[in-house]
Amino acid sequence: QVQLVESGGGLVQAGGSLRLSCAASGRTSSRYTMGWFRQAPGKEREFVADINWSGSSTYYADSVKGRFTISRDNAKNTGHLQMNSLKPEDTAVYYCAAGPGGPFTTDQTMYDYWGQGTQVTVSS
């Protein structure tokens with residue numbers, strides 16, 4: 001079992017930045033891909049970005065490419081999502097997830113563990 005806890009969400013103006021963190025505990029010796037997903041009100045949860053165990057491969061949704069950066073620090077069992085140039089359409093609950101898939105794992109069913117989510121609100 002892996003437990004995930006997100007933090008760093010909040011309210012920010014359009015054009016601003018936020019850095020989300022995901023702290024992992026439990027069976028962190030397992031090599032897992034970490035992903036970030038988001039769910040806006042009235043919409044389905046969607047893939048944002050993922051990073052493989054070593055950090056050598058990352059993948060982004062087109063909607064965030066060039067603005068968001070995913071990273072991880074395995075020594076600290078944490079992952080991060082740096083979000084720059086935020087837009088109102090980025091408003092959502094952001095979730096981190098962990099699973100055994102390789103890089104480019106956009107299918108949320110491939111993730112076994114999920115955090116509780118953190119709210120990001122971008123005002124115009």
Side-chain angles (χ1 to χ4, degrees):
Q1 291 284 341
V2 176
Q3 292 79 44
L4 303 173
V5 178
E6 303 95 336
S7 61
L11 174 64
V12 64
Q13 288 188 332
S17 298
L18 281 175
R19 188 187 192 216
L20 304 184
S21 296
C22 177
S25 61
R27 196 176 175 182
T28 55
S29 60
S30 299
R31 298 196 167 198
Y32 53 88
T33 287
M34 178 175 284
W36 287 91
F37 291 77
R38 67 186 182 185
Q39 187 168 20
K43 295 186 178 181
E44 294 185 353
R45 189 160 57 186
E46 64 177 5
F47 171 82
V48 175
D50 78 338
I51 185 168
N52 68 340
W53 166 251
S54 67
S56 61
S57 294
T58 59
Y59 186 66
Y60 298 91
D62 288 342
S63 58
V64 306
K65 199 173 297 182
R67 300 188 297 122
F68 291 11
T69 302
I70 189 171
S71 63
R72 67 190 298 166
D73 183 342
N74 291 335
K76 297 181 178 179
N77 295 321
T78 59
H80 301 284
L81 186 68
Q82 177 67 41
M83 306 186 296
N84 298 329
S85 302
L86 283 161
K87 304 175 182 180
E89 50 264 44
D90 294 318
T91 295
V93 177
Y94 283 72
Y95 300 88
C96 70
F104 323 122
T105 303
T106 63
D107 183 353
Q108 55 189 296
T109 65
M110 298 298 292
Y111 290 86
D112 296 330
Y113 306 105
W114 292 82
Q116 83 289 349
T118 186
Q119 176 71 46
V120 171
T121 303
V122 184
S123 63
S124 57

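Fair warning: this is a prediction, and the values are worked out from it, not measured in the lab. Starting from 1, each residue takes its place in the sequence as its number.
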Are any of the side-chain heavy atoms of Y32 and D112 separated by less than 4.5 Å?
no

Note: V48 and F68 closest approach over all heavy atoms is CG1-CD2, 3.8 Å

Main-chain N/O of C96 paired with E6 side-chain donor or acceptor, under 3.5 Å:
yes

With sequence neighbours left out, the residues meeting ring-ring contact (aromatic ring centres under 6.0 Å, His included) with F37 are F47, Y111, W114

Would you be so kind as to tabulate the donor-acceptor pairs closer than 3.5 Å made by side chains of residues 101-109, with sequence neighbours excluded?
| residue | atom | partner | partner atom | Å |
| --- | --- | --- | --- | --- |
| T105 | OG1 | G102 | O | 2.4 |
| D107 | OD1 | T109 | N | 2.9 |
| D107 | OD1 | T109 | OG1 | 2.8 |
| D107 | OD2 | T109 | OG1 | 2.9 |
| Q108 | OE1 | R45 | NE | 2.8 |
| Q108 | OE1 | R45 | NH2 | 3.1 |
| Q108 | NE2 | R45 | O | 3.2 |

side-chain contact (heavy atoms from CB on, under 4.5 Å) involving S124 - partner list, sequence neighbours excluded
P88

Mind checking what makes side-chain hydrogen bond (donor to acceptor under 3.5 Å, both in side chains) contact with E89, not counting sequence neighbours?
none

Cluster companions of L4 among Ile, Leu, Val, Met, Phe, Trp, Tyr (side-chain spacing under 4.5 Å):
V2, Y113

Would you please name every residue forming a side-chain contact (heavy atoms from CB on, under 4.5 Å) with Q119, sequence neighbours left out?
T91, V93, T121

Determine all donor-acceptor pairs shorter than 3.5 Å in which one atom belongs to a side chain in residues 11-22; sequence neighbours excluded.
| residue | atom | partner | partner atom | Å |
| --- | --- | --- | --- | --- |
| S17 | OG | N84 | OD1 | 2.9 |
| S21 | OG | H80 | ND1 | 3.0 |

Quick check: do V64 and R38 have side-chain heavy atoms less than 4.5 Å from each other?
yes

All side-chain contact (heavy atoms from CB on, under 4.5 Å) counterparts of S85, not counting sequence neighbours:
R67

Mind jotting down which residue pairs meet the disulfide bond (SG atoms under 2.5 Å apart) criterion with at least one end in residues 49-87? Sequence neighbours excluded, please.
none

Closest non-hydrogen contact found for N52 with R72 is O-NH1, 3.0 Å

Heavy-atom closest pair (W53 atom, N74 atom, distance to 0.1 Å) is O-ND2, 2.8 Å

Rounded to the nearest 0.5 Å, what separation is found between the OG1 atom of T33 and the CD1 atom of I51?
9.0 Å

Mind running side chain to side chain contact (heavy atoms under 4.5 Å, CB included) on V120 and M83 for me, showing each step along the way?
CA-CA 10 Å; V120 171; M83 306 186 296; 3.8 Å; yes

Mind checking what makes side-chain hydrogen bond (donor to acceptor under 3.5 Å, both in side chains) contact with Y95, not counting sequence neighbours?
none

side-chain contact (heavy atoms from CB on, under 4.5 Å) involving K43 - partner list, sequence neighbours excluded
A40

Salt bridge (Lys or Arg N to Asp or Glu O under 4.0 Å), that's the test. Do D62 and K65 meet it? Break it down for me.
CA-CA 5 Å; D62 288 342; K65 199 173 297 182; 3.1 Å; yes

Give me each pair satisfying disulfide bond (SG atoms under 2.5 Å apart) with a member in residues 35-67, each pair once, sequence neighbours excluded.
none

